[in-house]
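Okay, so here's the structure we're looking at.
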Amino acid sequence: MSAALDSLLDLLDLEQIEQDIFRGMSRSAVVPRVFGGQVAAQALVAAGRTVPDDRGAHSLHAYFLRPGDPGAPIVYSVDRIRDGRSFTTRRVVAVQHGKPVFHLSASFQVHEEGMDHQAVMPSAPDPENLPTAAQMLPRYADRFTDPRMADRLLEARAAVDLRYVDAPPFATAGEPREPRSQVWFRTHGKLADDPLLHVCMATYVSDMTLLDSVLLAHGRGGWSVGDVVGASLDHAMWFHRPFRADEWLLYDQESPSASGGRGLGQARIYTADGKLAITVIQEGLVRVPRD
């Protein structure tokens, strides 16, 4: 296991300070606020720790309310909304400096058999033949507003092996493209067999690139290039089938719409053997900076 992954696992290992109340720490992100994937994953950890082990997460719906302060702890308060025979529902509010910064609703289900069908996995090249982030990012260092941005991105994503199938938005800024993108990802090291851990890790990664397809449609390079400003607004995920976040997962993303200063991204995450594991939808604030 890499040191970066070990550090991320420590970040997700929340401290319980009272019944149904947990505290998590943060670390600096590329932008001057808490990374949205971190707070979403931590909130799901908090919810999962109040649920029986025989119930796996099958969906989450979340809103990002305020920018998180990376220099202060986050307190997660869990509300036990419902405990049914098959389903369990939890609501989590993340608070910093006395104000809510994030709200999550999550549902957990006892495993059961039922009807089964799925969308076919799209074609994608073998991830082992794609450049790593360490190989790819330095090529575009001259495009970033901050000369240290490539190093900062590498540090922020060091726990995850994330490989772009096509050029990322910052590589083709000024050239509108089809609003579709693909990345492969897995953790830099093996994880324990706890299913909740793998779901939380996928939740963490899901916030990294989902709005890329919005930027591609308009030839924008993104926050690191400085030609847009924005933030995640809401995030929803459905977990369909078992998967491991330490094995290759294909994140197939597209944007069906952008309007009103907001952009919508939707995606499907497949295992390497073609099983549809997760569906993700996110809307983000995407604004062109004013002169």
Side-chain angles (χ1 to χ4, degrees), residues 5 7-17 19-27 29 34-66 68 73-83 87-96 100-111 159-160 185-187 191-210 232-246 249 251 267 269 277-283:
L5 179 57
S7 175
L8 177 55
L9 292 175
D10 285 343
L11 207 66
L12 297 181
D13 188 16
L14 304 181
E15 174 192 4
Q16 183 166 357
I17 57 177
Q19 181 174 329
D20 299 343
I21 301 177
F22 303 84
R23 179 164 52 205
M25 304 306 294
S26 299
R27 63 182 180 188
V34 176
F35 171 53
Q38 175 205 303
V39 70
Q42 286 181 328
L44 190 56
V45 169
R49 289 191 176 175
T50 70
V51 175
D53 291 340
D54 65 343
R55 301 180 181 219
H58 77 85
S59 70
L60 67 83
H61 302 264
Y63 283 92
F64 298 89
L65 305 176
R66 292 180 174 88
I74 306 173
V75 174
Y76 297 90
S77 178
V78 182
D79 193 356
R80 300 184 183 226
I81 299 296
R82 179 175 184 268
D83 289 289
F87 290 88
T88 292
T89 306
R90 295 290 184 261
R91 178 173 60 202
V92 184
V93 179
V95 177
Q96 268 191 326
V101 298
F102 180 80
H103 177 277
L104 171 85
S105 293
S107 184
F108 301 77
Q109 181 190 13
V110 175
H111 174 74
V160 180
F185 73 87
R186 65 179 177 185
T187 58
L191 300 174
D193 292 335
D194 179 6
L196 179 63
L197 176 60
H198 292 263
V199 166
C200 291
M201 195 63 70
T203 300
Y204 177 85
V205 178
S206 69
D207 191 40
M208 287 183 176
T209 62
L210 185 49
S232 301
L233 293 173
D234 57 18
H235 200 85
M237 302 179 73
W238 292 264
F239 305 99
H240 308 301
R241 294 171 180 82
F243 65 90
R244 294 188 63 93
D246 55 8
L249 296 168
Y251 201 3
I269 298 179
I278 310 169
T279 297
V280 192
I281 298 180
Q282 182 183 66
E283 188 170 48

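Qualifying side-chain hydrogen bond (donor to acceptor under 3.5 Å, both in side chains) partners for D20, counting only residues two or more places apart in sequence or in other chains: R80.
Across all their heavy atoms, L12 and R49 have their closest contact at O-NH2, 4.1 Å. In terms of heavy atoms, Q42 sits closest to L14 at O-CD1, 3.3 Å. The minimum heavy-atom distance between S232 and D207, with the atom names listed, is OG-OD1, 2.9 Å. Summarising the geometry of V92 relative to A43, their closest heavy-atom pair is CG2-O, 3.7 Å, with the distance given to 0.1 Å. Q38 and M25 make their closest contact through NE2-O, 3.3 Å (heavy atoms, listed as atom of the first residue, atom of the second, distance). The nearest pair of heavy atoms linking R82 to F87 is NH1-O, 3.6 Å.
The side-chain heavy atoms of T187 and R244, taken from C-beta on, include no pair separated by under 4.5 Å. Side-chain atoms of R91 and L104, non-hydrogen and from C-beta on, never get closer than 4.5 Å to each other. The shortest distance between side-chain heavy atoms of F239 and I278 falls below 4.5 Å. Counting only heavy atoms from C-beta outward, the side chains of T50 and Q16 never approach each other to under 4.5 Å. The closest side-chain heavy-atom distance from R186 to D246 is not below 4.5 Å. In this structure, the side chains of I74 and F22 stay at 4.5 Å or more apart for every pair of heavy atoms.
Taking the six-membered ring where the residue is Trp, the centroids of F35 and Y204 are separated by under 6.0 Å.
A distance-only check finds a donor-acceptor pair linking the side chain of H198 to the backbone of A245 [under 3.5 Å].
No more than 12 heavy atoms of other residues, nucleotides or ligands lie within 6.0 Å of CG in D53, so this atom counts as exposed by the packing criterion.
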- Message: Applying side-chain contact (heavy atoms from CB on, under 4.5 Å) to V95 and R66, what does each step give before you reach the verdict?
- Response: CA-CA 10 Å; V95 177; R66 292 180 174 88; over 6 Å; no
- Query: Given the rule in the side-chain contact (heavy atoms from CB on, under 4.5 Å) test, do W238 and I281 qualify, once you have shown the distances and angles that lead to the verdict?
  - Reply: CA-CA 9 Å; W238 292 264; I281 298 180; 4.2 Å; yes
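No side-chain donor-acceptor contact under 3.5 Å links H61 and S105.
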